[in-house]
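Each remark here refers to the structure printed beneath this line.
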Amino acid sequence: MRFTLSSSALSGKLTALSRVINSKNALPILGDFVFEIKDNVLNLTASDSENMMKTQLELTESDGYCRFAIGNHDLLEAVKGFSEQPITFDVDQEKNIVKISYQNGLFSLPIESADEFPMAQPVSDFATTITIPNLILAENINRSVFATAQDELRPVMNGIYFDLTPECLAVVASDGHKLVRNKVFTIKSEQPAAFILPKKPANLLRNLLGKDGGDVVIRFDERNAEVNYGDGILQCRLIEGRYPNYNSVIPQNNPNELRADRLGLLAALRRVQPFANDSSNLIRFHVEGSTLQLDAEDYDFSKTATERMTCEYNGQPMSIGFKGSSFIEVLSNFDCQEVTILLADPSRAGLVLPSEQPENQDVLMLLMPMLIND
């Protein structure tokens with residue numbers, strides 16, 4: 001069996017698929033790519049047993065059907081180094097070897113039967129379907145994934161929650177200290193449905209999406225999801241369980257409104273944060289009039305820092321503490337010029353919003369305050 005294809009096209013597909021493969025696998029064959037050649041198309045598959053990615057590639061030429069598995073590391077390293085050129089695979093399934101020839105040479109690698117490669121659990125016929133623009137899904141995953149938890153006791157917090165309601169699709173992530181809620185008003189359903197996407201497939205998708213237009217189709221049931229993103233499919237096992245009522249923790253009336261330049265505040269926090277106590281990472285925000293003052297201190301090492309910046313503030317003078325690293329993450333995951341920070345009092349959660357919401361969306365991030373000693 002022989003087939004020929006573009007080296008750069010193959011390298012790009014294999015690099016994307018390789019991200020799903022674990023460095024250590026319970027089944028050795030999960031360290032392989034599966035090649036299936038049929039009707040002059042190469043179908044490629046990789047899996048870690050819980051997540052499976054599939055993609056396909058048009059062949060320059062082929063002379064039949066075959067299916068085999070080949071180790072990911074050696075093949076990936078070899079094709080990465082090629083300039084754009086045709087490469088030819090000669091597959092000998094009796095001797096379990098493939099010879100790969102290119103302009104200046106050839107190499108050979110062992111192959112094995114793909115029959116032992118585990119198949120993904122199919123999504124049921126009664127699955128819910130969401131169709132979402134590629135770019136909007138990429139933006140929402142990028143904005144949310146940093147806020148997911150790493151909590152063995154509450155695994156539902158370790159993923160991104162997609163909540164489809166009659167009003168909108170809400171994309172939510174929280175670790176109990178910070179929360180992100182994105183509302184997409186163009187996607188809604190009279191039949192409410194929800195699923196929790198684990199962190200690994202979320203990160204796989206953020207690397208695959210946003211490069212082109214088109215729509216992504218997500219089909220999901222209680223256990224599994226299938227994401228068709230144009231030139232490939234990701235099948236994954238979902239996190240089972242009931243997600244907490246995220247709306248109940250979002251304050252509805254924070255009257256003190258602060259507007260600040262996002263990049264200016266981000267830079268100030270990055271300068272002040274190294275002086276905060278390593279264990280608490282506490283930064284004190286004092287806002288009064290048109291001045292925001294940031295203070296950090298670590299008396300154990302005789303370190304203190306203070307920085308002031310101008311802002312627009314409509315509210316009572318206030319001092320409130322936030323975890324510096326969390327506030328930096330929140331600001332880093334906006335792409336607006338200015339942010340609005342809504343505060344109530346030093347014991348209640350603060351809200352951070354973009355100065356201008358994305359079209360047909362509503363983005364909100366929440367941070368729980370920390371106790372400060374006056």
Side-chain angles (χ1 to χ4, degrees), residues 10-36 42-57 67-80 98 109-124 127 137-138 141-142 144-146 148-152 154-162 173 195-211 216-241:
L10 178 62
S11 176
K13 299 289 189 183
L14 293 182
T15 299
L17 286 185
S18 69
R19 296 189 179 103
V20 79
I21 299 175
N22 291 332
S23 55
K24 295 181 180 179
N25 295 288
L27 296 174
I29 200 166
L30 289 173
D32 293 0
F33 296 117
V34 172
F35 280 57
E36 183 178 24
L42 169 60
N43 294 284
L44 292 164
T45 305
S47 175
D48 65 358
S49 81
E50 292 196 348
N51 306 285
M52 180 176 283
M53 286 176 62
K54 300 177 181 179
T55 190
Q56 55 183 216
L57 200 53
R67 185 170 182 263
F68 61 91
I70 185 168
N72 82 88
H73 185 265
D74 291 336
L75 178 62
L76 191 58
E77 288 303 309
V79 299
K80 265 184 186 175
V98 60
L109 288 170
I111 61 173
E112 53 188 319
S113 168
D115 293 342
E116 294 178 18
F117 198 82
M119 301 307 295
Q121 197 73 20
V123 176
S124 76
L137 180 59
I141 290 176
N142 274 320
S144 307
V145 72
F146 82 94
T148 55
Q150 197 70 43
D151 192 335
E152 293 181 4
R154 294 188 299 169
V156 293
M157 307 295 283
N158 299 341
I160 299 177
Y161 183 55
F162 287 73
F195 68 93
I196 306 171
L197 183 69
K199 197 177 301 187
K200 180 171 180 177
N203 280 317
L204 290 170
L205 284 169
R206 75 192 291 202
N207 288 316
L208 294 165
L209 300 175
K211 298 181 179 69
V216 176
V217 178
I218 305 172
R219 296 179 63 246
F220 64 94
D221 55 26
E222 292 181 353
R223 293 170 176 257
N224 302 290
E226 180 182 284
V227 184
N228 190 321
Y229 53 88
D231 65 348
I233 294 173
L234 171 65
Q235 294 168 291
C236 62
R237 194 173 300 166
L238 300 173
I239 298 174
E240 295 181 50

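On a predicted model such as this, the values are computed, not experimentally measured, just so you know.
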Just by distance, do the side chain of [X] and the backbone of [Y] share a donor-acceptor pair under 3.5 Å?
| X | Y | value |
| --- | --- | --- |
| Asp48 | Glu50 | yes |
| Thr55 | Asp231 | yes |
| Lys199 | Phe146 | no |
| Asn51 | Cys236 | no |

Query raised in the report: How are the rings of Phe220 and Phe195 set to each other: parallel, tilted or perpendicular (split at 30° and 60°)?
Result: tilted
Nearest heavy-atom neighbours spanning [X] and [Y]:
| X | Y | result |
| --- | --- | --- |
| Ser144 | Ala173 | O-CB, 3.2 Å |
| Leu17 | Thr45 | CD1-N, 4.0 Å |
| Tyr229 | Lys54 | OH-O, 4.1 Å |
| Pro122 | Asp221 | O-OD2, 4.3 Å |
| Leu205 | Ile141 | CB-CD1, 4.0 Å |
| Ala69 | Asp32 | CB-OD2, 3.6 Å |

Query raised in the report: So with a 6.0 Å cut-off around CD of Glu152, is the heavy-atom count from everything else above 12?
Result: no
Requested in this report: Might you confirm whether atom CD of Glu240 has over 12 heavy atoms from other residues, nucleotides or ligands at distances under 6.0 Å?
Outcome: yes
Hey, are the side chains of [X] and [Y] touching, using non-hydrogen atoms and a 4.5 Å cut-off?
| X | Y | value |
| --- | --- | --- |
| Leu238 | Phe162 | no |
| Asp115 | Arg67 | yes |
| Val145 | Ile160 | yes |
| Ile233 | Asn228 | yes |

Atom pair [atom1]/[atom2] of [X] and [Y] - distance to nearest 0.5 Å:
| X | Y | atom1 | atom2 | value |
| --- | --- | --- | --- | --- |
| Ile70 | Leu75 | CD1 | CG | 4.5 Å |
| Ile239 | Tyr161 | CD1 | OH | 12.5 Å |
| Ser49 | Met119 | OG | CE | 13.5 Å |
| Arg19 | Asn207 | CZ | CG | 4.5 Å |
| Leu137 | Asn142 | CG | CG | 9.5 Å |

Requested in this report: Decide side-chain contact (heavy atoms from CB on, under 4.5 Å) for Thr15 and Lys80; before the verdict, give the C-alpha distance in whole Å, the side-chain angles of both, and the deciding distance to 0.1 Å.
Outcome: CA-CA 9 Å; Thr15 299; Lys80 265 184 186 175; 4.3 Å; yes
Requested in this report: Would you please test Val20 and Met52 for side-chain contact (heavy atoms from CB on, under 4.5 Å) and show each step?
Outcome: CA-CA 7 Å; Val20 79; Met52 180 176 283; over 6 Å; no
Query - CA sep, side-chain torsions, deciding dist, call: Leu208, Leu234, side-chain contact (heavy atoms from CB on, under 4.5 Å) - result: CA-CA 10 Å; Leu208 294 165; Leu234 171 65; 5.6 Å; no
Requested in this report: Please list, chain by chain and in numerical order, all residues satisfying side-chain contact (heavy atoms from CB on, under 4.5 Å) with Ser18, sequence neighbours excluded.
Outcome: Phe33, Leu76
Report task. Show your reasoning for whether side-chain contact (heavy atoms from CB on, under 4.5 Å) applies to Leu44 and Leu10. Result -> CA-CA 10 Å; Leu44 292 164; Leu10 178 62; 4.2 Å; yes
Contacts under 3.5 angstrom, residues 21-29 side chains, donor-acceptor by atom type, not counting sequence neighbours:
from	atom 1	to	atom 2	distance (Å)
Asn22	OD1	Lys200	NZ	2.8
Asn25	ND2	Asn22	O	3.1

